[in-house]
Each structure stands twice: as structure tokens, then as C-alpha cells.
Amino acid sequence: MRRLTTLAGAAALLGSATGALAQQQSGGPPVEANFPNGPGKQTVVGVCGACHDLVRLTAGYTPEGWLSVTAMMRNFGAPVPAEEWDTVRAYLIRSFPERPRPEARLLPGPAQVFIMQWPLPTPGSRPHDPMVAHDGAIWWTGQLANKLGRLDPQSGQMREYPVNAQSAPHGLVEDKDGNVWFTGNFRGFIGRLNPRSGDVKEYSLPDARARDPHTIVIDHDGIIWFTVQAGNFVGRLDPATGDIKLAQPPTANARPYGIAVNSKNQIYFVEFGAPKIATIDRNMHIEEFELPDPAARPRRIAITPDDQVWYTDFARGYLGHFDPASHKVEEFASPSGPKSKPYGIVATKGALWYVESGAQPNAVVRFDPNTRTFQSWAIPGGGDIVRNMTVDHDGNPIMANSLVNMVGRVEIKSGTN
């Protein structure tokens, strides 16, 4: 399957409810005027335009991509009559084919890897974030299927756990008792799944503005921390009491995104809209560190064992390094160029591993901070699009491949520290 277009993939995220009406009210020509006439047009304009900026659709997909995207929308209850889905899909395939994207630049190097991928049971589930449990199982959030999933990588057996409708699970983490905590991205809550019983408990966020909890981590004391992107918050939840505290960064529209915990139990996160690196302490005090280029858009974060902070600059095509002691920032151009859109990232086995989500195909990239050299591999089937990553117990990067509906493992064979 060829890779799906990243920009159009944003349309699958039920984000801005502006739609065609808001575009017309802005004074510009109606966007639907640029949509070709034909069967399915009115349904696409009316239904898609109610939730999305219609311009997003024009970026295009492969036929397989449109099949995946329309499955996502159907999963989440888009109000299209069952007998019209084939017509809608045919209209989108005909009207908005995939546009060219930068070709992945694959670099040789010392490491040898094997990339394994597992298709997920529910079509169009849009796996968003992966997690590796204490027993070695790989979990994922099926955002548009309203499910959490579990894979036994030894047997290949999978199980899905339904959560409440319209939850849109996004990030997830496991506590010491085996409970899986997740962010209810569309309904403003933190959820806890008991995998033994399947029961789900929801903890609503105490401020209505905190409507879209995003990425979640658990610190060394068992306290849960999470970002709220559009609402512009960072929060903490004490599982023992259920108490939730929220704090907003000093910068308006900072859009807190990726979040991580270092060896000293300090919380770092990146601000996708600022652009800044930031910390938050137990008193909910936030300190921000501005990146040198105002066009930077840090999206995900990884921390090495020596507590150095690394991030992916999605907008500019860079891997970034922030030294917490000196506050010095270094940048390294990603191999596939400024439109490669680096996204999910982890630190493991002496290197940084991340995915270029804008390259065709998506590429797994390894960066050695000692030699400052890159190596990269194409993801079989295109990848598209790895929004977040984690590491298994053997130090192998784990991926959730959103639009091709898979989870994957980069098994590191040799040539690494």
C-alpha cells in the first residue's frame, strides 16, 4: 500500500469545527466551488464541511488511503447513509488523488534492523500512540474506533477493549498495577482501563477549556502527567485520590504536545505552537526555554539516559537537541529534507530513533549523537504516519502507524551501542 498524504490525514482528526460556513463568512469564495461536480459532492461538502476545513481534503490520498480515511469517519459516526459511502469514496478517489511528496533519502550505516508490522483488527481505527506493558505486550489507542488494543508480539494474538463513545483515546500509559491510563481526547477526560475486567473509569478535567487531553506519561512516583494541546494546559492526576491539577504555560496558544520524564523525575514537554521547550514542577510551575528559530514546531520529545533532551521539529525538518544545563540548542537537518516532517521519536541503544512522516515512503531514522551521523530505512508499505513511538523491553522502537492501521516494531539486530 502506498503511503497516505500527511496533510489530508489531518482531516481525519476531528479538529477545527469551522467548516465551509466559516470559510464563506470570512469573505472568500466558497471552498466547495473548487470541488468537481459529480455524485457524492453534496454529501462530502455537507458532512465533511461540518467538522473540517474542506481545504484539507484537497491534499489527496491514494485509493487505499481514501478507503482508510472513510473507514475512520464511518467508525466515528459521520452522518452518511450506509448506501452512500461507496459513492462518497468514489468521488474522493476521483477528485482528490495523492499529490507528490519528497522522496525518502535512505542513508547507509552500521546498524541492521528488521521492521515487523501487525495489521489491526478494526479497519480505520487510526492507531495513535503505542505503549509497551510490563508483560511485554504492545498496546495502542484506536482513536477513531473508540478502542484500546493489546498485541502479544510472540503469538500475534490481539484483543481490543471498547471505551465509551466519542472518547477518541489518544495517549496511554500503564501503572504498576497493570491499569492502562489514557487521554479521552474528544471528551476532556483521563480514563483508566482495568484489563482484567474491561471496566473503564473516567476522570473529567476540572476546566471546560481543557477539552482535548493529548499525551500522557507516568512519573517515578506513579503520578500521571498529561498535555492538553488546543486547551493550552499541562495537568497532573494523582491516582490515589483522583485529584487533578491544571496549569497553563505563560505563552498563549503554546499548544503543549509531547511530554517525557527524565532520570531525576523531572517533567519536560514541548510547545508545538510557541515554539519552546518547557518544564513543570510538582507545584505546577512552568518554566519555558525559547528555541532559536521562531518557525520551529517541536512535536515530540525524547530524553537520553544522561538527561539530554531531544525533539523533532515537524515544520522545518530537523532533529533538535536541548541541553538542560546550558540551555544550548543544536539542530541537525533530517536526511529527507525540510518537508520530511519528523514526528515520533525515542532514545534507545545509544541513539535517537524517529520517523520522517512526510517522506515517501516514511523512513525510520537513526541518529548517533557521538558521531553525529544518520542512517535510515524505508518502512515497508509506506508507514504513514507514525505520530508517536515507545521502546520495548529489548530496546527496540515500537511504532503506531495511523493511516495504514498497523503497529510495528523496529527490531535492532546489530551495529549499535
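The model shown is predicted, which means the values in this text are computed figures rather than measured ones.
- Side chains of Lys147 and Thr122: a donor on one and an acceptor on the other come within 3.5 Å.
- The pair Asp199-Lys201 fails the salt-bridge criterion, with no side-chain N (NZ, NE, NH1 or NH2) lying under 4.0 Å from an Asp/Glu carboxylate O.
- Residues passing the side-chain contact (heavy atoms from CB on, under 4.5 Å) test with Ala252, sequence neighbours excluded: none.
- Under the 3.5 Å distance criterion, with hydrogens and angles disregarded, no donor-acceptor pair is assigned to the side chains of Gln166 and Arg187.
- Asp177 contributes no side-chain N or O that, together with a main-chain N or O of Asn179, makes up a donor-acceptor pair within less than 3.5 Å.
- Looking only at distances, no side-chain donor or acceptor of Asp313 sits under 3.5 Å from a matching main-chain atom of Leu319.
- A donor-acceptor pair is defined here as one N or O able to donate and one able to accept, closer than 3.5 Å; such a pair exists between the side chain of Ser376 and the backbone of Arg105.
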Intermediate values then yes/no, side-chain contact (heavy atoms from CB on, under 4.5 Å), Asn265 and Arg282: CA-CA 10 Å; Asn265 212 22; Arg282 298 305 182 275; 2.8 Å; yes
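- Lys276 places no side-chain N or O within 3.5 Å of a backbone atom of Glu287 that could act as its donor or acceptor partner.
- By the neighbour-count criterion of 12 heavy atoms within 6.0 Å, atom CZ of Arg236 is densely surrounded, having more than that number from other residues, nucleotides or ligands.
- Ring-centre distance between Phe189 and Tyr203: not below the 6.0 Å cut-off.
- Between His327 and Phe289, the ring planes are tilted. Angles from 30° to 60° get that label.
- Crowding of Glu288 atom CD: a count of heavy atoms from other residues, nucleotides or ligands under 6.0 Å exceeding 12.
- The side-chain contact (heavy atoms from CB on, under 4.5 Å) search around Arg159 returns Tyr161, not counting sequence neighbours.
- Ring centroid separation for the pair Phe374 and Phe332 does not come in under the 6.0 Å cut-off.
- Under the 3.5 Å distance criterion, the side-chain polar atoms of Tyr91 are matched with a main-chain donor or acceptor of Pro36.
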Could you give me the CA-CA distance, side-chain angles and deciding distance for Asp135 and Arg150, then say whether salt bridge (Lys or Arg N to Asp or Glu O under 4.0 Å) is met? CA-CA 11 Å; Asp135 63 1; Arg150 179 187 185 276; 2.9 Å; yes
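- A centroid separation of less than 6.0 Å is found between the aromatic rings of Trp310 and Phe367.
- No donor-acceptor pair closer than 3.5 Å links the side chain of Asp129 to the backbone N or O of Thr141.
- You'll find the ring centres of Phe233 and Phe226 outside the 6.0 Å limit.
- For Ser95 (side chain) and Leu92 (main-chain N/O), no donor-acceptor pair under 3.5 Å exists by modelled atom type.
- Taking the six-membered ring where tryptophan is involved, the planes of Phe314 and Tyr343 are perpendicular, since the angle between them exceeds 60° and thus also 30°.
- Distance alone, capped at 3.5 Å, places no donor-acceptor pair between the Asp368 side chain and the Thr373 backbone.
- Screening Asp306, Asp307, Thr304 for a side chain to side chain donor-acceptor pair (under 3.5 Å) involving Ser263 leaves a single residue, Asp307.
- No donor-acceptor pair closer than 3.5 Å links the side chain of His285 to the backbone N or O of Thr279.
- When atom types are taken as modelled, the side chain of Asn75 and the backbone of Asn146 share no donor-acceptor pair closer than 3.5 angstrom.
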